[in-house]
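The structure under discussion appears below in the form of structure tokens.
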Amino acid sequence: MAKSAKQKPMSLEDLCINTVRTLSMDAVQKADSGHPGTPMALAPLCYLLWTKHLRHNPTDPKWFGRDRFVLSCGHASMLIYSLLYLTGYDLSLDELKAFRQWGSKTPGHPEHGLTPGVETTTGPLGQGVGNAVGMALAETHLAAVFNKPGFKLVDHFTYFLCSDGDLMEGVSHEAASLAGHLKLGKIIGFYDDNHITIEGDTTLAYSDNAAKRFEGYGWHTQRVADGNDLKALDKAIKAAQKVTDKPSLIVVRTHIGYGSPNKHDSAEAHGAPLGVEEIKLTKQNLGWPSLESFFVPEKALAEWRKCKDKGAKLQMKWQLMWEGYRNKFPADAKEWERRMRGDLPAGWEASLPTFDAKTGTLATRDASHKVMNAIGPKIPELVGGSADLAPSTKTLMKELGDFSADNRKGRNLHFGIREHGMGAVMNGMALHQGIIPFGATFLIFNDYMRPPIRLASIMEQHAIYVFTHDSIGLGEDGPTHQPIEALSALRAIPGLIMLRPADSTETVEAWRIALTHKHGPVAMALTRQKTPFLDRTKFAPASGCQKGAYVLRDADGGAPQVVLMSTGSEVGIIVAAQEKLKSMNIRARVVSCPSLELFAQQSKGYRDEVLPPSVPKRLAVEAAHPMSWYRWVGDQGEVLGIERFGASAPFERIYKELGLTPENVVARVQALLAR
Ligand SMILES: Cc1ncc(C[n+]2csc(CCOP(=O)(O)OP(=O)(O)O)c2C)c(N)n1
């Protein structure tokens, strides 16, 4: 540590760098919580990156041509807030003073959509690395689709900053491995190698050679021995920018809490205020001109704010290029604008297939396959794939090519067996704009990617999850593969729309919803086994799916005595039960509920129409944990679900053993009515 810094007159560079350090210390102290040490360590790197390399325009944080910057170690949020304020984004010093307070734009961890300039929400460690890979993947694909000789409409770097925790988490390994394989050469990552985590020195739990590991993944790696050495950092960044056939990782040795006489290099500097006295000592040690909190030297601010002019010029240059593009390639330009707006192509719905009794008796995964292959060619922004299960999830878009290092235009991604990475990469793709990502796996493995699903929902990103093999109906693979709690657990994520279509026609509707629901993620649960085709001349139209639940077939001959409700493959069971009940003169209404979330959003009037308060005897039937149904069946209703793990056997036998049969539904209804 440069303890002698106070003896030397402070250079403008140091003044700028130390402004980040002091703002971070002061904000954490004022909030009485937060993470000061890492911003203090990374201030030089970020000064260099943000003022000399990052192509960004603080006045227009959404300028498409900008480089992307991801702070994967989101706990170091005061770093990015300082940078945003100093370079001139719409984030005032008062917001920094309100760090971590109710209603501020400076929450504990950076939140996309709340703070201008924050590209992605980070905090759960490792996710940001995956997001960066997704952004770079999207960049590469869009560049291949839209760029023309002399017109690089899409051409930016994706920088990320990660910490020990980011690299210990498995999700970053998955994403880095995929990025290396795909040769995503415009990613430049910095690993903050500070040897400190919360519990103490990294030697407690970590002895990886991160650079070698990334080399093994196919990355270009470099080391910078001193995080304060701007020349060495600059050289490394320039070298990384030149390597375009491999992603780059720069391992930077830094010292957490740099400048603090007593907390430098200690875990204490990680996640707690330094303390008033220590801040004073640190400011003195750094040779800081004032002991006043949140003091920003004018000279430093003016220097940082040069980013505004520089950014405006960069954007103007890009804009000129864009105008040339628009003149020369009007059709491509129009298509580009459409994709940037997030509008679907005109008339896309005409390509949606229709099914009849002959073509429609399908597993919903097979119906989904038909839908995807019909709409895929019409919706070029639909890009995605599976975690090595495409033959089972049926998500391959046959004519549209595989995305690879050699074919950047390919629309099918092969995520490999990396569900967690898949989810994080999808978030990056969605955040980048211009792409609607989809990812597929078995429903049971949603658990492997729950963190990014949750983040997609927090960020309201349009990502589509295709989850097949959605119940005990998958049969022989047994309890390890049969989801029980998955539907309720996914339904518990605020904002996520969960869809479980009952037949091929509802599957078409599910895709219609998935593509048009732009603000937030959508998940589909699809069957492995066939579902009966519901002949819409006899049943209500599947457009009812738009409202989440609808009366599929009402009771004949008077008001219903009981309402049967269900989703997916169990709708066929309640339809069969309805017929049996009819022969017993019991009037049952059948309600199909493909999305409980969409149903919850309807007016009370509509909900009461479907589930009349005058019919309190209700039975919900789903081959899953009953938890998400109690609200809908009410006090006098019941749920026929599953509260144990499944079993390995042909699926018909499992359904029978667990009581998911029309006969058992009839028995439960009789008992319900007798009560
Ligand atoms: C997935 C996840 N697990 C745990 C945490 C809690 N957490 C926050 S920071 C941190 C580790 C801190 O070490 P490091 O990543 O080296 O950050 P630094 O100390 O350098 O700031 C942990 C465990 C988290 N944010 N995300």
Side-chain angles (χ1 to χ4, degrees), residues 1 20-21 24-25 27-28 31 33-46 70-83 100 107-111 120-132 160-176 189-211 213 224 227-228 249-260 263-274 419-421 423-424 427 447-456 458:
M1 182 187 38
V20 173
R21 291 182 170 135
S24 300
M25 285 191 282
V28 172
S33 79
H35 303 77
T38 299
M40 293 165 76
L42 292 173
L45 167 62
C46 287
V70 174
L71 181 70
S72 192
C73 43
H75 60 273
S77 54
M78 265 315 300
L79 178 61
I80 192 163
Y81 300 148
S82 303
L83 297 169
R100 290 184 160 236
H109 294 85
E111 292 181 32
T120 177
T121 296
T122 51
L125 289 164
Q127 296 295 330
V129 178
N131 298 163
F160 71 84
L161 238 165
C162 69
S163 64
D164 299 307
D166 285 299
L167 292 197
M168 287 190 213
E169 291 289 354
V171 62
S172 65
H173 296 230
E174 293 182 16
F190 300 92
Y191 164 36
D192 174 29
D193 181 20
N194 65 18
H195 296 208
I196 293 291
T197 64
I198 291 177
E199 293 184 2
D201 196 281
T202 44
T203 51
L204 286 170
Y206 192 56
S207 42
D208 290 15
N209 182 328
R213 188 152 64 73
V224 173
N228 290 310
L249 184 75
I250 305 174
V251 179
V252 186
R253 177 68 169 109
T254 68
H255 297 273
I256 197 163
Y258 181 89
S260 157
K263 298 203 171 168
H264 155 105
D265 265 347
S266 85
E268 276 175 82
H270 161 85
L274 294 184
E419 294 84 358
H420 199 176
N427 283 348
D447 283 339
Y448 273 56
M449 54 187 295
R450 191 171 175 85
I453 297 176
R454 189 170 184 276
L455 283 165
I458 292 179

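In listed order, ligands and their atoms are each counted from 1.
From Asn194, atom CG reaches atom OG1 of Thr38 across 5.5 Å, with rounding to the nearest 0.5 Å. A distance of 9.5 Å separates CG of Asp192 from CZ of Arg253, quoted to the nearest 0.5 Å.
Considering backbone and side-chain N/O atoms, Leu125 comes within less than 3.5 Å of an N/O atom of ligand 1. Remark: ligand 1 and Ile196 share an N or O pair separated by less than 3.5 Å (distance only, no angle test). Ligand 1 has a nitrogen or oxygen under 3.5 angstrom from a nitrogen or oxygen of Thr38. Taking any N or O of Asp164, backbone or side chain, at least one lies under 3.5 Å from an N or O belonging to ligand 1.
No option in Glu174, Arg450, Gln127 other than Gln127 meets the side chain to side chain donor-acceptor pair (under 3.5 Å) test with His420.
Atoms of ligand 1 lying under 4.0 Å from any heavy atom of Gly123, numbered from 1 in the order shown and given with element: 24 (C), 25 (N), 26 (N). Heavy-atom contacts of Pro124 reach the following atoms of ligand 1: 26 (N) (cutoff under 4.0 Å). Numbered from 1 in the order shown, with element, the atoms of ligand 1 that lie under 4.0 Å from a heavy atom of Asn194 read 18 (P), 20 (O). Using a 4.0 Å cut-off to heavy atoms of Gly165, the atoms of ligand 1 that qualify are 14 (P), 15 (O), 16 (O).
Summarising the contacts of atom 1 (C) of ligand 1 with His75, Glu169, His35, the nearest heavy atom is found in Glu169.
Closest to atom 7 (N) of ligand 1 among all protein heavy atoms lies Ile198 CD1, 3.7 Å. For atom 12 (C) of ligand 1, the closest non-hydrogen atom on the protein side is His270 CE1, 3.2 Å.
Here the closest non-hydrogen pair linking Cys73 and Ser163 is CB-OG, 3.5 Å.
When non-hydrogen atoms are compared, ligand 1 lies under 4.0 Å from neither the backbone nor the side chain of Thr202.
Not a single donor-acceptor pair under 3.5 Å links the side chain of Ser77 to the backbone N or O of Pro110.
Remark: Ala211 pairs with Asn209, Thr221, Arg223, Val251 by the side-chain contact (heavy atoms from CB on, under 4.5 Å) rule, at least two apart or across chains.
Looking at Asp166 and Ser72, their side chains do bring a donor and an acceptor atom within 3.5 Å of each other.
The aromatic rings of His35 and His109 sit tilted relative to each other, their planes meeting at an angle between 30° and 60°.
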